[in-house]
Amino acid sequence: MNKQKNKKPLKELPLGFVDRTEKELLVRDFIISKIKEVMIRYGFQYLETPSFEYSESIGKFLPDKERPDAGVFSFKDDKKWLSLRYDLTAPLARYVAKNFLEIPKPFKRYQLGTVWRNEKPGPGRFREFLQFDADFVGTKSLQADAELCIMISEILESCGLSKSEYVIKISSRKITEELFKKINLNDSEQKLTTLRALDKIDRLGWDGVKQLLGSGRKDKSGDFTKGADLNSKTIEIIESELRKEKPLTEDLEYLLKIFKDYNFNNYETDPSIIRGLEYYTGIIFEVNLKFDVKNSRGQVIQFGSIGGGGRYDNLINNFGNYDAPATGISIGLDRLVYALMQKKEFKVKQTKPVVICIFDKGSMKEYINLQKVLRKNGVSVEIYPGDGKLKKQMEYANKINSPAVILFGDNEIKSGKPTLRNLRTGKETKIEIKKLADEIKKII
RNA sequence: GCAGCAGUAGCUCAGUUGGUUAGAGCACUAGUUUGUGGAACUAGGGGUCGGUGGUUCGAAUCCACCCUGCUGUACCA
């Protein structure tokens with residue numbers, strides 16, 4: 001006999017997906033409002049593209065040749081494969097190509113949106129998350145790259161971070177290009193592995209990176225990662241070239257000049273900034289927080305950057321012959337929210353309603369009138385949304401962190417003066433309905 | 001993906017040579033108080049011990065596989 005179990009629906013979430021509660025959402029809303037303010041001041045256009053695209057629109061020109069179709073959520077329509085977008089850059093490229101003749105050149109757009117990645121989630125990384133992107137399309141001017149850096153720093157500061165709490169690290173792909181020429185590295189596989197290894201300097205330090213450039217590296221759990229297999233002499237050259245102070249490439253030189261004109265100095269040039277993507281062609285940058293970020297158990301974790309970007313002059317050409325050099329930035333909003341929430345001084349006000357207690361259903365009309373008056377005067381208020389004794393109602397108000405309850409029983413109705421009980425102090429006062437809203441605003 | 005560690009009530013966790021009906025604190029519900037929250041006391045509900053299969057007279061405990069979580073690493077458009 002098969003034991004028919006009474007199967008209940010799962011209450012668990014799919015791997016890598018999370019519920020987000022008010023505290024986090026309010027911080028997120030706050031950051032978004034700041035982003036929008038800055039974007040408007042910088043003259044960017046707001047754009048929204050759909051969550052789904054034809055897989056081929058966002059997939060065919062994917063820069064990562066190793067796994068052209070892996071990592072996205074897809075399903076088949078009647079005719080074609082659709083995919084949930086995995087970033088906002090690919091839809092932008094598609095949008096630009098589709099509307100190339102109509103849009104202004106250069107084209108500046110910003111976008112906030114959820115993206116999905118079908119990958120194994122890691123610490124602070126989910127399969128559904130919110131990204132913020134700003135891009136310039138159709139300009140080669142480094143003024144654009146400079147503005148992106150300055151703009152993101154303005155956003156972070158308007159979110160309450162000080163200059164000492166973040167830094168923009170900048171570099172250029174041209175540095176590594178020149179380096180590869182010098183050491184005569186032509187194998188594209190080795191080049192890629194080398195770039196990826198160099199990208200990890202901030203986490204692994206030069207010792208770890210040199211192991212990855214050579215035969216490989218064992219991490220602290222004992223797992224082994226294969227390296228780029230460069231010989232030790234080449235590795236020496238790479239290290240000395242990237243570590244020593246040397247003249248900057250022309251594009252960086254110019255970028256710094258613009259920074260100076262803007263009087264912007266919260267950056268570091270760092271030739272070890274690489275970024276994994278193959279499609280970058282020039283200036284690249286990364287936004288790093290300089291304070292420790294902890295997990296729910298209070299352990300400091302490897303947090304990495306909250307965003308970055310750079311110049312990709314050839315990407316949009318994948319859609320055809322468009323003259324669309326571009327540069328852009330992506331910020332992982334959820335990561336930024338996560339980090340900001342840990343700063344003690346960063347608190348977002350959560351407004352909780354004052355609760356009108358119910359004594360007698362027969363007086364409901366009086367309660368409703370009172371509620372109406374208070375709402376009209378801008379007070380967050382609710383009639384207790386349930387049944388139960390006064391004690392239960394008080395417990396509810398306490399539980400939701402309500403600032404006060406209003407007791408409006410027979411006595412109060414007769415006298416026209418409800419009792420306002422401040423739930424933080426326990427103090428009760430009888431106040432005329434007219435003056436009640438002002439009194440409540442004082443204690444919120 | 002790879003590696004290490006872990007999974008017992010909503011949460012934090014006890015529970016060894018395998019042995020009745022699996023425990024505590026917090027939280028929850030009701031009452032002590034029929035117009036008063038945070039404290040105290042009393043009572044109560046809540047678990048197929050992550051899942052499946054195996055060993056055994058008997059499994060939360062031993063074995064195998066799987067799932068999930070954490071940390072590192074890889075990848076990250």
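Letters A, B, ... are given to chains in the order of the sequence lines, protein chains preceding strands, and every chain is numbered from 1. The basis for the numbers below is simple: all heavy atoms, side chains too, and nothing from hydrogens, waters or symmetry mates.
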Hits for salt bridge (Lys or Arg N to Asp or Glu O under 4.0 Å) against Glu22(A), two or more places apart or cross-chain, chain-then-number order -> Lys352(A)
Pairs where residues 126-142 of chain A contributes a residue and the test salt bridge (Lys or Arg N to Asp or Glu O under 4.0 Å) is met, not counting sequence neighbours:
Arg109(A)-Asp135(A)
Residues two or more places apart in sequence or in another chain: which of them pass ring pair (Phe, Tyr, Trp, His ring centres under 6.0 Å) with Phe291(A)?
none
Applied to residues 304-323 of chain A, the salt bridge (Lys or Arg N to Asp or Glu O under 4.0 Å) test, sequence neighbours excluded, yields Asp145(A)-Arg311(A), Arg311(A)-Asp313(A)
Name all residues meeting the side chain to side chain donor-acceptor pair (under 3.5 Å) criterion together with Lys226(A); count only those two or more places apart in sequence or in a different chain, and write none if there are none.
Asp229(A)
Give the B/S/- string for nucleotides 33-45 of chain B, one per nucleotide from 5' to 3', where a protein heavy atom under 4.0 Å of the base yields B, of only the sugar-phosphate yields S, and otherwise -.
--BBBB-------
I'd like a table of atom pairs between the protein and nucleotides 9-11 of chain B - only N or O on both sides, under 3.5 Å - with the distance next to each one.
none

Those residues that, when tested against Thr176(A), pass side chain to side chain donor-acceptor pair (under 3.5 Å) (two or more places apart):
none
All pairs passing salt bridge (Lys or Arg N to Asp or Glu O under 4.0 Å) where residues 430-444 of chain A contributes a residue, at least two apart
Glu412(A)-Lys430(A), Glu432(A)-Lys435(A), Glu439(A)-Lys442(A)
With sequence neighbours excluded, give me every ring-ring contact (aromatic ring centres under 6.0 Å, His included) pair touching residues 420-444 of chain A.
none
Note every stem involving RNA chain B: at least three consecutive Watson-Crick or G-U wobble pairs, i with j then i+1 with j-1, with both distances under 3.5 Å.
B:1-7 with B:67-73, B:10-13 with B:23-26, B:28-32 with B:40-44, B:50-54 with B:62-66
Show me the pairs that pass side-chain hydrogen bond (donor to acceptor under 3.5 Å, both in side chains) and involve residues 389-407 of chain A, at least two apart or across chains.
Glu382(A)-Tyr396(A)
